[in-house]
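One structure below.
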Amino acid sequence: MDQIENARRSLSRRGLLGIGLGAVSAGALAACSSSPTLPASSGSASAGASSSGSAIDLAAFDAVLSKGAVADASLVDGNSWAKAIKDRGMVNRGGTDTSSLFSLRDPTTGKVAGFDAGISQLLAKYITGQPKENLSQVTVDTRETLLQNQSVDLIVATYSITPARQQKVDFAGPYYESKSAILVKSTNNDINSVDDLAGKNVATQAASTGVALLQKYAPKANVQTFDDNPKCLAAVQQGRVDAYVIDQSILLSNVAKNKDVKIVGEPFGSSDPYGIGLHKGSDALAFVNAWLKVMEGDGSWAALWKATVGQVVKTEPPAPPAISS
């Protein structure tokens with residue numbers, strides 16, 4: 001959803017190199033920067049996380065990469081898209097490096113880690129034998145263009161699959177799904193599900209689908225709208241509202257950065273599927289979908305989820321979304 005992605009960008013402006021979930025400002029495309037192979041972490045994972053403020057378990061993340069599958073040479077050589085990546089020695093990814101839990105660069109080490117980063121780096125290892133990627137910054141406005149002019153091999157950037165976008169690019173996956181969720185103060189024990197929102201003051205973003213969602217799932221809630229994510233979050237922290245409802249990906253970042261809030265209940269509403277953007281009409285789609293099935297089957301998907309999103313969502317990994325044929 002573009003409204004959600006704009007909210008991510010707004011959050012990122014306020015938490016650059018922190019835990020904000022967002023993209024670079026619209027209309028600006030940063031220069032490419034190399035994201036090298038991540039070596040095994042030394043010391044505790046918490047020490048690695050603290051240098052960037054990240055909630056990601058870096059030791060577990062590196063372990064996932066080290067165990068990633070490598071394709072047979074004949075499989076790669078028989079696919080023109082994959083063969084070009086193998087010859088280059090790395091994947092050219094369009095994405096961000098300021099997205100908490102999904103793709104965040106450590107300013108000290110230069111490493112990029114997170115669920116999206118792991119997806120890209122595991123695919124790079126499958127093709128080249130090493131989890132190396134070259135990261136180009138993208139915005140909501142530049143993703144399709146970068147694929148169409150083949151400046152990148154793929155886009156992995158919480159990229160929602162929509163019919164309009166499918167007219168311009170191919171989508172492998174989905175590899176992740178997000179729904180709406182509820183954020184409350186960490187001391188709040190009265191709200192544990194969407195049913196508990198009845199009679200409560202609930203914040204959501206004015207330009208988002210949150211208003212319609214609350215009208216459908218919590219019609220007795222007292223809805224208050226705010227301009228953006230930081231204002232909604234502050235309303236919860238200051239006790240001006242009881243809860244905040246929006247896409248779970250945004251709320252995950254809020255929780256990773258702020259210990260005085262938490263996510264409660266099960267996600268609800270319609271799914272927002274994230275796909276891997278690829279060149280339209282190339283032979284990449286079948287190759288990447290086949291690889292997704294491999295990494296889901298060998299446990300890499302679940303292990304990657306645990307090392308990233310699972311550091312905030314303290315549950316067992318969900319089942320991966322069904323891959324489109």
**Prompt:** Under a 4.5 Å side-chain heavy-atom rule over Ile, Leu, Val, Met, Phe, Trp and Tyr, are Val264 and Val309 clustered together?
**Reply:** no
**Item:** Side-chain heavy-atom pair Lys293, Asn289 within 4.5 angstrom cut-off
**Value:** no
**Of Glu144, His279, Arg143, the residue whose pairing with Val169 passes side chain to side chain contact (heavy atoms under 4.5 Å, CB included)** = Glu144
**Complete:** On a heavy-atom basis, the closest approach of Ala55 and Leu101 is CB-CD2, 4.0 Å
Can you list, pair by pair, the side-chain donor-acceptor contacts under 3.5 Å of residues 66-77, counting residues two or more places apart and other chains?
from, atom 1, to, atom 2, distance (Å)
Ser66, OG, Ala63, O, 2.7
Asp77, OD1, Lys86, NZ, 3.3

**Message:** Counting only heavy atoms from other residues, nucleotides and ligands, does the tally under 6.0 Å from NZ of Lys306 exceed 12?
**Reply:** no
**Asked** Can you get from Val294 to Leu65 by hopping between Ile, Leu, Val, Met, Phe, Trp and Tyr side chains that sit under 4.5 Å apart?
**Response** yes
**Prompt:** Are Leu183 and Tyr217 joined in one hydrophobic group, where the rule is that I, L, V, M, F, W and Y side chains link up if heavy atoms are under 4.5 Å apart?
**Reply:** no
**Message:** Tell me whether Asn258 contacts the main-chain N or O of Asp260 through its side chain, where contact means a donor paired with an acceptor under 3.5 Å.
**Reply:** no
**Message:** For Tyr176, give me all partners under ring-ring contact (aromatic ring centres under 6.0 Å, His included), at least two apart in sequence or on another chain.
**Reply:** Phe102, Phe115, Tyr274
**Message:** Go through it in stages, so that I can follow the logic: the residues are Asp97 and Gln137, the test is side chain to side chain contact (heavy atoms under 4.5 Å, CB included), and I'd like the CA-CA distance, side-chain angles, deciding distance and then a yes or no.
**Reply:** CA-CA 8 Å; Asp97 61 5; Gln137 299 288 338; 2.9 Å; yes
**Asked** Does the side chain of Ile127 come within less than 4.5 Å of Trp81's, by heavy atoms?
**Response** yes
**Request:** Considering non-hydrogen atoms only, spot the tightest contact between Gln224 and Arg240 and give its length.
**Result:** NE2-O, 4.1 Å
**Message:** Under a 3.5 Å distance rule, please check whether Lys262 uses its side chain to pair with a backbone N or O of Thr187 as donor and acceptor.
**Reply:** no
**Request:** Look at the side chain of Asp283 and the backbone N and O of Ala286, then say whether any donor-acceptor pair between them is shorter than 3.5 Å.
**Result:** no
**Request:** Could you pull out the closest heavy-atom pair between Asn149 and Ser151, with the gap in Å?
**Result:** OD1-OG, 2.5 Å
**Any Val261 side-chain heavy atom under 4.5 Å of Val236 side chain** = yes
**Fill in**
Shortest non-hydrogen pair, Pro267 vs Lys179, comes out as CB-CB, 3.7 Å
**Message:** I'd like to know if the side chain of Thr128 reaches the main chain of Gln130, judged simply by a donor and an acceptor atom lying under 3.5 Å from each other, with no hydrogens or angles considered.
**Reply:** yes
**Message:** Can you tell me how far apart CG (Leu197) and CG (Asp190) are? Round to the nearest 0.5 Å.
**Reply:** 11.5 Å
**Message:** Quick one, Val112 and Arg93 - any side-chain contact, counting heavy atoms below 4.5 Å?
**Reply:** yes
**Prompt:** Around atom CD of Gln148, are there more than 12 heavy atoms of other residues, nucleotides or ligands at under 6.0 Å?
**Reply:** yes
**Request:** Kindly say whether Leu304 contributes a backbone atom to a donor-acceptor pair with the side chain of Thr308 at under 3.5 angstrom?
**Result:** yes
**Request:** Report whether Ile182 and Val313 are members of the same hydrophobic cluster (ILVMFWY, side-chain heavy atoms less than 4.5 Å apart, transitive linking).
**Result:** no
**Distance-only polar pair, side chains of Tyr244 and Gln205, donor-acceptor under 3.5 Å** = yes
**Asked** Does a sphere of radius 6.0 Å around CD in Glu316 hold more than 12 heavy atoms from other residues, nucleotides or ligands, not counting ones at 6.0 Å or beyond?
**Response** no
**Request:** Find out whether Ile119 and Met295 are in side-chain contact, i.e. whether some heavy atom of one side chain is under 4.5 Å from a heavy atom of the other.
**Result:** yes
**Request:** Test Phe61 against Lys111 for side chain to side chain contact (heavy atoms under 4.5 Å, CB included), laying out the working first.
**Result:** CA-CA 11 Å; Phe61 181 84; Lys111 296 177 182 178; over 6 Å; no
**Asked** Minimum heavy-atom separation for Asn134 to Met90, with atom names?
**Response** CB-SD, 3.6 Å
**Message:** Evaluate Asp153 against Arg88 for side chain to side chain contact (heavy atoms under 4.5 Å, CB included), listing each step before the verdict.
**Reply:** CA-CA 11 Å; Asp153 300 312; Arg88 188 189 311 124; 2.6 Å; yes
**Request:** Give, for atom OH of Tyr175 and atom OG of Ser120, the distance between the pair rounded to the nearest 0.5 Å.
**Result:** 10.0 Å
**Asked** Is there a donor-acceptor contact under 3.5 Å linking the side chains of Asp242 and Asn188?
**Response** no
**Student check: side-chain heavy atoms of Tyr159 and Asp116 closer than 4.5 Å** = no
**Asked** Do you know the tightest heavy-atom contact between Leu154 and Leu123?
**Response** CD2-CD2, 3.5 Å
**Request:** Just do the side chain to side chain contact (heavy atoms under 4.5 Å, CB included) check on Gln166 and Ile161 with the steps written out, would you?
**Result:** CA-CA 7 Å; Gln166 287 177 311; Ile161 301 172; 3.5 Å; yes
**Message:** As an exercise, state the distance from OG of Ser103 to CG of Leu135, rounded to the nearest 0.5 Å.
**Reply:** 5.5 Å
**Message:** I need the Ile155 CD1 to Leu147 CG distance, nearest 0.5 Å.
**Reply:** 4.5 Å
**Prompt:** Sequence neighbours excluded, which residues qualify as salt bridge (charged side-chain N to carboxylate O under 4.0 Å, His left out) partners of Lys168?
**Reply:** none
**Heavy-atom check, side chain of Pro318 versus side chain of Glu177, under 4.5 Å** = no
**Asked** What distance do Ile246 atom CD1 and Leu233 atom CG have between them, rounded to the nearest 0.5 Å?
**Response** 12.5 Å
**Message:** For residues Ile263 and Val202: do they belong to one hydrophobic cluster (side chain heavy atoms under 4.5 Å, members Ile, Leu, Val, Met, Phe, Trp, Tyr)?
**Reply:** no
**Prompt:** Mind checking whether Thr98 and Arg105 have side chains closer than 4.5 Å, heavy atoms only?
**Reply:** no
**Complete:** Value for OG (Ser270) from NZ (Lys216), rounded to nearest 0.5 Å, stands at 7.5 Å
